[in-house]
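As structure tokens, the structure follows; a few thoughts come after it.
Sequence lines set the chain letters: A, B, ... in the order given, protein chains first and strands last, and positions in each chain run from 1.
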2 protein chains.
Amino acid sequence: MRKELTAKGKATRNRIIEGAAAVLREKDVSIATLDDVMARTRTSKSQLFHYFPTGKDELLLAVAHHEADQVLADQQPYLGCLDSWEAWQRWRDVVVERYEEQGEECPLGSLVLHLGRSTPGARDVVVALMRQWQESLATGIRALQTAGHLPADLDVEHRAAALLAGIQGGVAILQSTGRAEHLRAALDQGIGDLRRAAA
Amino acid sequence: MRKELTAKGKATRNRIIEGAAAVLREKDVSIATLDDVMARTRTSKSQLFHYFPTGKDELLLAVAHHEADQVLADQQPYLGCLDSWEAWQRWRDVVVERYEEQGEECPLGSLVLHLGRSTPGARDVVVALMRQWQESLATGIRALQTAGHLPADLDVEHRAAALLAGIQGGVAILQSTGRAEHLRAALDQGIGDLRRAAA
DNA sequence: AGTAGGCTGGACCAGCCAGTCCAGTCGAGA
DNA sequence: TCTCGACTGGACTGGCTGGTCCAGCCTACT
């Protein structure tokens, strides 16, 4: 944050964020404590408050940013060039695999929920993530259009929004029930309907 | 729970559950305390532990059950008889309106997330809710089939699962960003694709 | 009327955990 | 080498909150 961070300081700060992220992947925010983070990152409490002066929420927000970046990064390179049906299919597989593997916990979701309205900026992290995600999907659909695989009068944003909603819901259901079939159904149905729109 | 509950006792127990539900609609689980519930329901701590001997989690689980029942109840009578395109449209409007009004908080979601794996039965509440919900949607699609509005070879469960995922995702996005457009997009796209399948 | 047992009030306790404080170390530039 | 400030360790605290306990009230049933 501040300019006065030395290389060593930056490293420690990152270690804390990544360690905290790891902790939050194992236990819920409401259960995780600063002591957990300290143990995992081999830091002391004064370090935590040195790098995140306003306390826990500031650290949590930093972790949220970190996790949000991760979400889209995990879908690359496929999400970046959805210009053929094969690319869409590969992307679909990556998404399903990623979330099936993650399974139980959604650090970002519970993080933002926990920070909520009280912490300014928490909501913005999700808003930005959703915007970027939908943007990528829309770009992919447009790529299919220019390649002649889809009619030009398709409402791109609408379809991208619906697809994104399907993914989010599929993930949510996966996380609360443990079954990934809804995520698969949403993706397959969404892509399938897109393909049908080609004819 | 126990048979020995008097009418008065039952009333108090219900008052506690409903009061707790009201509290949880205002603040997150992790922030809400037993004192909040006590204040809202004008009960003492001994009453809370009298009706929910094992403590907070037991109360929270009861609230989760209560909220889960509410979800489907709010969508009636439309969800119960999705036998025409008009009925689907009206149901869509009810869902959008309900969640737009609820807006910010999803008591059930955060509740189950908070109880998590530690409390047996928490996950089951959501699983059961999702099953019933999807069942209702599937029944509605089948009704359209028998009425001749949809081809008989449609994969009903698959479509119902995708639609449900879209709803859940739309709601999730609505709650974390404040915008309902994804929920609307998911519903409209889902129903629209269904209609297109008719032709 | 008597009584057993459900029902209620509220004081009290113990553990947890974010946040504070200060003393001390390390490292880079003058 | 000196010095300043970033960096680190760890003891301490204060408030919050779930949970306990017991004494007394109310009510259904005999």
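Here D/dC16 presents its C1' atom at 11 Å from NZ of B/Lys56, a figure rounded to the nearest Å. In this entry the distance linking CD of A/Glu58 with C1' of C/dA18 reads 14 Å, nearest Å. B/Leu59 places its CG atom 15 Å from the C1' atom of D/dT17, with the value rounded to the nearest Å. Distance A/Phe52 CZ to D/dC7 P: 12 Å, rounded to the nearest Å. The CG-P distance, from A/Leu5 to D/dT8, rounds to 10 Å in whole Å. Atom-to-atom, NE2 of A/His50 to P of D/dA6 comes out at 7 Å; the value is rounded to the nearest Å. If you take NZ of A/Lys10 and P of D/dA6, they are 14 Å apart, rounded to a whole angstrom.
B/Arg15 places a side-chain N or O within donor-acceptor distance of the main-chain N or O of B/Thr41, the cut-off being under 3.5 Å.
Between A/Tyr51 and D/dA6 there is no side-chain N or O to OP1 or OP2 distance below 4.0 Å. In this model, the phosphate group of C/dC7 is approached by a side-chain N or O of B/Thr6 to a distance below 4.0 Å at OP1 or OP2.
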Run the salt bridge (charged side-chain N to carboxylate O under 4.0 Å, His left out) check on A/Asp188 and A/Arg195 step by step: do they pass?
-> CA-CA 10 Å; A/Asp188 291 341; A/Arg195 276 187 115 126; over 6 Å; no
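Listed by residue number, the members of residues 21-49 of chain B with any heavy atom below 4.0 angstrom from DNA chain C are B/Ser44, B/Ser46, B/Gln47.
Side-chain atoms of A/Lys8 lie closest to D/dT8 of the nucleotides D/dT27, C/dA18, D/dT8.
Within the 4.5 Å cutoff, the side chain of A/Trp85 has heavy atoms near those of the A/Leu194 side chain. B/Trp88 has its side chain within reach of B/Ile141: a pair of non-hydrogen atoms, C-beta onward, lies under 4.5 Å apart.
To the nearest 0.5 Å, the span separating CZ on A/Arg90 from CG on A/Leu79 amounts to 13.0 Å.
Side chain to side chain, B/Gln134 and A/His182 meet the donor-acceptor criterion of an N or O pair below 3.5 Å.
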